[in-house]
Amino acid sequence: MTTITRFAPSPTGLLHLGNIRTALINWLYAKNSGGKFILRIDDTDQERSKDEYISQIKYDLEWLGIDYDETFNQSSRFERYKEQFEKLKSDGRIYACYETPEELERKRKLQMAAGGKQVYDRSALKLTEQQIKDYENDGRKPHWRFLLQTERMKWNDLLKGEIDIDLTSLSDPVLFREDGVPLYTFSSAVDDVDYNITNVIRGDDHTSNTAVQIEIINALDKNKISFAHHALLKASTGDKLSKRDNVISIDSFRKDNIEPISILSLLATIGTSNSIELKSGIKQIIEEFKLETISTSPGRIEIGVLKALNKKQVQKFDYEEIQSRLTEIDENVDKKFWDTIKGNLETVEEISSWTDIVFNSKPAESDDKDYIKLALELMPEEPWDDDTWTTWTNAIKEKTGRKGKELFLPLRVAFTGLTHGPEMKLLIQLIGRDKIVERIQT
RNA sequence: GGUCCCUUCGUCUAGCGGUUAGGAUAUCUGGUUUUCAUCCAGAAGAUCACGGGUUCGAAUCCCGUAGGGACCGCCA
């Protein structure tokens, strides 16, 4: 049987490290076993779903290199949900409820005050025909609940092991709203069955929900789906992740010029027993993927690790790989320029600060003017090569008796305005004699 | 309140009854680079949340406690 997994985001916000991790795990699980991966947009709640988020989600996935064999929107399947709803209804698994949200809220508060279970009391089941008629005459429309019959739902979770949930501690789930809109608990179960999903891998927050869904799936069909629940990720502070937490959205990382492979490498590492390292590409991540390496305890997102991985990737780039990106930043960036500068970059786009230093004359104030003046006098004529710097500084050394930091640091500052940077013997060739003279003389 | 789950170096983790508790990363030191980064070599870093029990022997099994998380919605 072919493995089929799915990622089912609701388009109510941006994708972040947490939910993209779930997507990646599902994608890798499918890829690793030669299976299929489906992108399902859970947009049954039309009020909260936004088209812009749908395109953003697809763009983020594409940018990261996570492709899908098939995609569909739940909003296109309302008829099918209705059909399956009728089936469950005729099987007597669904019953009509007439409580308003306010009434339900009041019940919950009462239950909480009494210290009992906050579970729906099934009073709708005891309604007389007359009471129902009265509600209907009042203009109330029913919402529909699924009658939970299992006391304890057990399954073998691929990540958490044997799970045993007390279903009597959970309310009968509402499957259809008063306005006829199917709820996630139901539409998801219908789709997972219809699309022959073999493995549902999702966050730990769905664990008790899974108990409910298994019973629904069993009522629809024979359950053949294997479930796995991974621990959620925590923010670096130890707090839970939020959809509104923009600092970890994929979009924000892209805007910060973080490379996709850096994000993928972090995701393939965090909360797993894998070594923290930069991966060579998505292919390596697929090959190395093992579901069992994913931990059941929540991992912390360390942005510092992401940045370190990205830095490694930047320094790994060959000029040819990113030539168009570089020349777009500055057309004068050639291979020599890139190779000289890349060791000092954390993102590719940071190169712009160096094109500025190299190409635009930026005179730096020196408090060591006499020394700089002397250096100018001793500066070799062009053409310059890799030995020029040594020849030059040796001459200065001889004349002044300076050595080490005293010798070179004032020069670096005078040429670049910075106390650190690429190797001087290469950098001075990039800047060139004319510009250096210009800078020193100012 | 109920249900389910988690807790091992700063961080991510290995560990499945006998280990000097291993690795990765970060940190520090030395070497290389006449700076920084890279690279190489090395070091330090964990009373295995706490308490009890089982056992000749517990990070590992059992019970309890504490801390943390998820869910308990006409959201997903």
Side-chain angles (χ1 to χ4, degrees), chain A residues 8-13 19 42-45 47-49 74 97 99-101 104-105 108 111-120 141-145 152 157 160-161 163-171 173-185 187-188 202-212 229 231-232 234 236 238-240 243 266 269-277 293 295-302 304-305 308-309 311-312 315 342-346 389-390 393-394 397 402-409 411-413 418-425:
Chain A
S10 68
T12 54
N19 41 36
D42 283 7
D43 58 349
T44 49
D45 188 340
E47 273 157 42
R48 302 201 314 148
S49 299
Q74 287 197 317
C97 302
E99 295 91 344
T100 63
L104 290 171
E105 183 62 23
R108 271 193 293 272
Q111 285 172 327
M112 196 173 354
K117 289 182 176 180
Q118 293 170 52
V119 171
Y120 178 61
K141 280 187 175 168
H143 57 277
W144 303 84
R145 287 187 191 262
R152 300 203 71 93
D157 194 281
K160 297 174 75 152
I163 302 284
D164 184 359
I165 304 267
D166 179 5
L167 269 186
T168 64
S169 72
L170 264 25
S171 296
V174 174
L175 262 32
F176 266 73
R177 300 202 308 210
E178 180 193 322
D179 61 4
V181 172
L183 261 8
Y184 164 82
T185 310
S187 54
S188 178
R202 67 213 318 196
D204 207 12
D205 51 340
H206 283 282
T207 306
S208 41
N209 187 242
T210 293
V212 171
H229 295 86
L232 300 172
K234 290 187 295 187
S236 50
D239 297 328
K240 65 172 279 192
K243 267 198 177 177
L266 176 75
T269 300
I270 196 168
T272 76
S273 53
N274 301 326
S275 293
I276 299 170
E277 63 178 8
T293 61
S295 168
T296 49
S297 56
R300 210 176 264 247
I301 295 169
E302 294 282 344
V305 174
L309 290 172
K311 186 173 182 174
K312 285 204 169 84
Q315 303 185 356
K342 68 178 179 183
N344 290 77
L345 266 26
E346 293 201 352
W389 175 249
T390 312
T393 50
N394 276 340
K397 190 199 292 187
R402 293 198 190 197
K403 56 182 180 180
K405 271 192 171 165
E406 285 224 297
L407 175 73
F408 67 80
L409 201 56
L411 297 172
R412 176 183 285 280
V413 172
L418 297 173
T419 54
H420 59 89
E423 265 193 86
M424 284 305 283
K425 70 170 187 182

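Here the structure is a predicted model, which means the values were calculated and not measured. Just so it is clear: chains get the letters A, B, ... in the order the sequence lines come, proteins before strands, and each one is counted from 1.
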Nearest-Å distance once atom [atom1] is located in both [N] and [M]:
N	M	atom1	value
B:G45	B:U27	C1'	9 Å
B:U7	B:G51	C1'	15 Å
B:G53	B:G1	P	29 Å
B:A21	B:U32	C1'	35 Å
B:G67	B:A24	C1'	27 Å
B:G69	B:C74	C1'	27 Å
B:U19	B:C40	C1'	30 Å
B:C5	B:U65	P	16 Å

Take the protein atom [atom1] of [X] and the nucleotide atom [atom2] of [N], then report the distance between them rounded to whole Å.
X	N	atom1	atom2	answer
A:Lys234	B:C12	NZ	C1'	11 Å
A:Asp205	B:C6	CG	C1'	14 Å
A:Leu345	B:C36	CG	C1'	13 Å
A:Asn344	B:U33	CG	P	17 Å
A:Leu183	B:A76	CG	P	5 Å
A:Arg108	B:G2	CZ	P	18 Å
A:Asp164	B:G2	CG	P	18 Å
A:Glu302	B:A24	CD	P	18 Å

I'd like to check [X] versus [Y] (side-chain heavy atoms, cut-off strictly below 4.5 Å). Are they in contact?
X	Y	value
A:Arg145	A:Ser171	yes
A:Asp45	A:Arg177	yes
A:Lys117	A:Asp166	yes
A:Thr185	A:Asn209	yes
A:Glu99	A:Tyr120	yes
A:Glu277	A:Thr269	no

Choosing from [options], which nucleotide comes nearest the side chain of [X]?
X	options	result
A:Arg152	B:A24, B:A76, B:C4	B:C4
A:Leu407	B:U11, B:C4, B:U34	B:U34
A:Thr44	B:C71, B:A24, B:A76	B:A76
A:Ser275	B:C36, B:A24, B:A76	B:A24
A:Arg300	B:C74, B:U11, B:U35	B:U11
A:Arg177	B:C74, B:U3, B:C36	B:C74
A:Ser171	B:C36, B:C72, B:U3	B:C72
A:Gln315	B:C6, B:U35, B:A37	B:A37
A:Asp42	B:C75, B:U34, B:A76	B:A76
A:Lys117	B:U35, B:G2, B:A14	B:G2

Just call it for [X]: base, sugar-phosphate, or nothing, with non-hydrogen atoms closer than 4.0 Å on any strand.
X	answer
A:Val174	sugar-phosphate
A:Glu423	base
A:Thr185	nothing
A:Pro422	base
A:Gly421	base
A:Ile165	sugar-phosphate

- Note on the structure: Of A:Ser273 and A:Asp166, the one whose nearest nucleotide on RNA chain B sits closer to the 5' end is A:Asp166
- Note on the structure: The residue, A:Thr269 or A:Leu104, whose nearest nucleotide of RNA chain B is more 5′ is A:Thr269
- Hey, is the side chain of A:Asn209 pairing donor to acceptor with the base of B:C71 inside 3.5 Å? no
- Task: Look at the side chain of A:His420 against the base of B:C36 and say whether a donor-acceptor pair falls under 3.5 Å; ignore hydrogens and angles.
- Result: no
- Item | A:Arg145 vs B:G73: side-chain N/O to OP1/OP2 distance below 4.0 Å | no
- Please determine if a side-chain N or O atom of A:Thr207 lies less than 4.0 Å away from the OP1 or OP2 oxygen of B:C5. no
Need the pair for [N]. Rule: Watson-Crick or G-U wobble, both distances under 3.5 Å, any strand; none if unpaired.
N	result
B:U65	B:A49
B:U34	none
B:C16	none
B:A41	B:U29

N/O donor-acceptor pair under 3.5 Å between [X] side chain and [Y] backbone:
X	Y	result
A:Gln118	A:Gln111	no
A:Arg300	A:Lys234	no
A:Asp204	A:His229	no

- Task: Could you tell me whether the side-chain ring of A:His206 sits stacked on the base of B:A70, using a centroid cut-off under 5.5 Å and a plane angle under 30°?
- Result: no
